[in-house]
Amino acid sequence: WPISEISGHLASIWGFPEKLINAVKLNPKLESNNDESKKLSALVYLSDSLANNLDYHDGWHTSETPIEPWIFEILELDQSTLNGWIPRLEENAELASAAFEN
């Protein structure tokens, strides 16, 4: 099974909404003509890359994960804007991590 299929299956087991399950399974640069599906899937890919880059590895990736150019294009996002979000994302990731530890 491809990783995206496994991830989609887990999302289904965990009771995630159908749109999110489909976004996890979708490769938007190859498979979708639907803008909403592409954006949601690109957001999932971005989130995964950021989690890995902030040292919240998922077990599949153990080093920095590059953010693919197509993600920026689909989300209409630039690196400068994303860089401005990083401190807040790190702060929220720490809070979420601490909540799961307790």
Side-chain angles (χ1 to χ4, degrees):
W1 282 20
I3 292 174
S4 60
E5 284 294 321
I6 294 169
S7 300
H9 182 70
L10 287 172
S12 177
I13 290 171
W14 294 334
F16 286 17
E18 193 67 29
K19 283 184 177 184
L20 187 54
I21 293 167
N22 291 335
V24 168
K25 294 183 346 185
L26 177 71
N27 183 336
K29 69 179 183 177
L30 300 175
E31 300 173 3
S32 179
N33 293 323
N34 178 313
D35 282 342
E36 180 184 12
S37 294
K38 277 185 170 183
K39 285 184 178 187
L40 186 54
S41 187
L43 188 57
V44 167
Y45 276 75
L46 175 62
S47 299
D48 182 54
S49 296
L50 288 171
N52 288 313
N53 294 344
L54 296 174
D55 290 328
Y56 294 95
H57 303 289
D58 58 10
W60 296 100
H61 306 96
T62 57
S63 61
E64 193 165 302
T65 305
I67 299 171
E68 301 289 338
W70 60 266
I71 293 172
F72 288 104
E73 183 179 326
I74 290 172
L75 295 176
E76 300 173 13
L77 179 65
D78 60 57
Q79 186 69 55
S80 177
T81 300
L82 180 60
N83 289 345
W85 297 347
I86 297 295
R88 182 66 184 233
L89 292 170
E90 288 177 318
E91 181 182 312
N92 287 328
E94 285 296 320
L95 290 172
S97 180
F100 282 107
E101 290 174 4
N102 294 327

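- Between the CD1 atom of Ile86 and the CD atom of Glu91 there is a distance of 13.0 Å, given to the nearest 0.5 Å.
- Atom CG of residue Leu89 and atom CG of residue Asn53 lie 11.5 Å apart, to the nearest 0.5 angstrom.
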Identify all side-chain donor-acceptor contacts of residues 72-80 below 3.5 Å with residues at least two apart in sequence or on another chain.
residue, atom, partner, partner atom, Å
Asp78, OD1, Ser80, N, 3.1
Asp78, OD1, Thr81, N, 2.7
Asp78, OD1, Thr81, OG1, 2.9
Asp78, OD2, Thr81, OG1, 3.4
Gln79, NE2, Asn83, OD1, 2.8

Could you go through residues 13-24 and list every donor-acceptor pair under 3.5 Å that involves a side-chain atom there, pairing it with any protein atom two or more places apart or in another chain?
residue, atom, partner, partner atom, Å
Lys19, NZ, Glu36, OE2, 2.9
Asn22, ND2, Glu18, O, 3.4

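- Of the possible polar contacts, one joining the Asn52 side chain to the Asp48 backbone as a donor-acceptor pair under 3.5 Å is found.
- Distance alone, capped at 3.5 Å, places no donor-acceptor pair between the Ser12 side chain and the Gly8 backbone.
- The backbone N or O of Tyr45 lies less than 3.5 Å from a partner atom in the side chain of Ser49, making a donor-acceptor pair.
- Leu46 is listed as a side-chain neighbour of Leu82, based on a closest heavy-atom distance under 4.5 Å.
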